[in-house]
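These numbers come from a predicted model, not from an experiment.
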Amino acid sequence: MSENVSDTMGLKEKLALACRILGTNGHDDLHLGHISVRADDRDQFMYIKGHEVCLSEVQVEDINTSDFQGNKLEGKRPPHNEWPIHTEIYKKRSDINCVVHTHPFYATTLSASTNIIRPVSHDGIMFAGEVPFLTSTTDLIFTTDLGAALAEKLGDGKAVLMKNHGITTAGVTIEEATLVAFHLERAAKYQLFASLHGDVSWPDDEEVERKKKKIFVPEKMNRTWNTLARSLEREEAVFRLLRLSEKLLHEERP
Ligand SMILES: [Zn+2]
């Protein structure tokens with residue numbers, strides 16, 4: 001993808017933006033969930049969100065630098081113990097530069113059932129076929145063996161559903177991994193609400209393929225990323241104004 005609002009950002013800045021975009025779009029689960037990106041020395045180090053901060057709160061200073069053995073080299077936050085999700089995918093997939101792991105409500109709810117994502121909505125079209133489903137454990141991915149099993153399940157895809165746990169997505173770029181996670185959660189939400197109205201139906205394979213070629217082209221993905229960034233900017237501007245007015249009121253008090 002090119003020519004988006006984050007093109008001039010550094011990696012950590014863009015990673016922080018991706019965290020806040022997902023956090024404000026249904027992926028916040030307290031302080032849990034994390035996103036990483038390969039650092040400039042791409043085969044040894046990564047930048048990764050630190051612990052004890054919500055995705056929606058992440059700023060550049062909340063991002064740690066870690067090596068592929070899980071050692072924190074730089075950063076003020078404690079590391080998430082599910083770091084093997086990231087390292088094991090990077091070791092297995094040289095094409096992947098960004099990994100997202102979150103516990104979004106609707107996709108996590110779906111992961112507790114035996115249903116799979118269907119192309120019920122436009123978002124669901126991205127996942128037509130079958131999203132791999134990690135069912136061998138519902139535990140946290142806190143060992144490299146579990147991370148390797150997850151990377152194996154991901155295969156050459158971009159998303160994996162994790163039973164009774166959440167999702168992991170991967171992308172060539174931060175934007176791609178983030179948008180796959182964004183669309184996966186929305187797809188699960190549409191599917192769940194559709195099921196409340198009776199039997200759920202979806203288009204046939206031919207129509208799905210046709211729609212996929214129209215909806216998820218780079219130019220449209222770019223537009224979605226820019227829209228999400230603008231929407232976040234508006235939301236954050238309101239908070240900034242509120243904080244400023246509180247500060248001014250405080251200063252004016254005798
Ligand atoms: Zn998790």
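- Note: Asp123 CG to Arg186 CZ = 4.0 Å, rounded to the nearest 0.5 Å.
- His101 pairs with exactly one of His80, His86, Glu82 by the side chain to side chain donor-acceptor pair (under 3.5 Å) rule, that one being Glu82.
- Environment of NZ in Lys12: crowded, with over 12 heavy atoms of neighbouring residues, nucleotides or ligands closer than 6.0 Å.
- Side chains of Glu176 and Cys98 form no contact here, defined as non-hydrogen atoms less than 4.5 Å apart.
- With hydrogens and angles ignored, the 3.5 Å screen pairs a side-chain donor or acceptor of Asp28 with a backbone N or O of Ser56.
- Around CG of Asp156, the count of heavy atoms belonging to other residues, nucleotides or ligands within 6.0 Å does not exceed 12.
- Ile21 places a side-chain heavy atom less than 4.5 Å from the side chain of Trp225.
- Side-chain contact between Ile35 and Tyr47 is absent, with no heavy-atom pair separated by less than 4.5 Å.
- In this structure a side-chain-to-backbone donor-acceptor pair under 3.5 Å is missing from Lys153 to Thr135.
- Taking the side chain as every heavy atom from C-beta outward, Val58 and Arg77 never approach each other to under 4.5 Å.
- The hydrophobic cluster containing Leu232 also contains Val53, counting ILVMFWY residues as joined when their side-chain heavy atoms lie under 4.5 angstrom apart, directly or transitively.
- The other residues sharing a hydrophobic cluster with Leu192 are Phe105, Tyr106, Phe193, Leu196, where clustering joins ILVMFWY side chains under 4.5 Å apart.
- A donor-acceptor pair under 3.5 Å links the side-chain atoms of Asn97 to the main chain of Val172, judged by distance alone.
- Between the side chain of Gln191 and the main chain of Arg118, a donor-acceptor pair closer than 3.5 Å is present.
- Legend: residues meeting side chain to side chain donor-acceptor pair (under 3.5 Å) with Glu236, ordered by chain and number and at least two apart, are Arg20.
- Residues Met126 and Ile174 are members of one and the same hydrophobic cluster, defined by side-chain heavy-atom contacts under 4.5 angstrom among Ile, Leu, Val, Met, Phe, Trp and Tyr.
- The hydrophobic clustering, which links ILVMFWY residues whose side-chain heavy atoms are closer than 4.5 Å, places Ile117 and Phe133 together.
- Other residues, nucleotides and ligands place more than 12 heavy atoms under 6.0 Å from the CG atom of Asp43.
- Put simply, the side chain of Leu55 does not reach to within 4.5 Å of the side chain of His34, judged on heavy atoms.
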Test log, rule side chain to side chain contact (heavy atoms under 4.5 Å, CB included), inputs Asp62 and Lys76 | CA-CA 7 Å; Asp62 300 310; Lys76 67 175 186 181; 3.7 Å; yes
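- Ile89 is connected to Ile48 through a chain of hydrophobic side-chain contacts under 4.5 Å among Ile, Leu, Val, Met, Phe, Trp and Tyr, so both are in one cluster.
- Two residues are said to be in side-chain contact when any heavy atoms from C-beta on lie closer than 4.5 Å; Leu134 and Ile141 meet this criterion.
- Remark: His183 NE2 to Ser121 OG distance equals 9.5 Å, nearest 0.5 Å.
- Between the side chain of Lys220 and the main chain of Lys214, a donor-acceptor pair closer than 3.5 Å is present.
- Ion pairing between Glu88 and Lys91 holds under the 4.0 Å rule for side-chain N and carboxylate O.
- The backbone N or O of Ser66 sits nowhere less than 3.5 Å from a side-chain atom of Asn64 that would complete a donor-acceptor pair.
- For the pair Arg93 (side chain) and Gly155 (backbone), a donor-acceptor distance under 3.5 Å is present.
- Interatomic distance, Thr102 OG1 to Lys49 NZ, rounded to the nearest 0.5 Å: 11.0 Å.
- For Tyr190, the OH atom is loosely surrounded, since the number of other residues' heavy atoms within 6.0 Å does not exceed 12.
- Within the 4.5 Å cutoff, the side chain of Thr178 has no heavy atoms near those of the Glu175 side chain.
- Here OG1 of Thr143 is found 5.0 Å from CG of Asp145. Values are rounded to the nearest 0.5 Å.
- By the 6.0 Å contact criterion, NE2 on His31 is enclosed, its count of non-hydrogen atoms from other residues, nucleotides or ligands being greater than 12.
- The side-chain heavy atoms of Leu179 and Leu228, taken from C-beta on, include a pair separated by under 4.5 Å.
- Thr138 contributes no side-chain N or O that, together with a main-chain N or O of Lys163, makes up a donor-acceptor pair within less than 3.5 Å.
- Separating the CD1 atom in Ile116 from the CG atom in Leu161 is a distance of 10.0 Å, to the nearest 0.5 Å.
- Interatomic distance, OG of Ser113 versus CG of Leu110, reported as 4.5 Å (0.5 Å rounding).
- By the criterion of side-chain heavy atoms lying less than 4.5 angstrom apart, applied directly or through intervening Ile, Leu, Val, Met, Phe, Trp or Tyr residues, Leu15 is not grouped with Val99; the two fall into different hydrophobic clusters.
- Side-chain atoms of Asn226 never come within 3.5 Å of backbone atoms of Arg223 as a donor-acceptor pair (strictly under, hydrogens ignored).
- Put simply, the side chain of Arg38 gets close to the backbone of Ile96: a donor and an acceptor are under 3.5 Å apart.
- Ion pairing between Arg210 and Glu206 holds under the 4.0 Å rule for side-chain N and carboxylate O.
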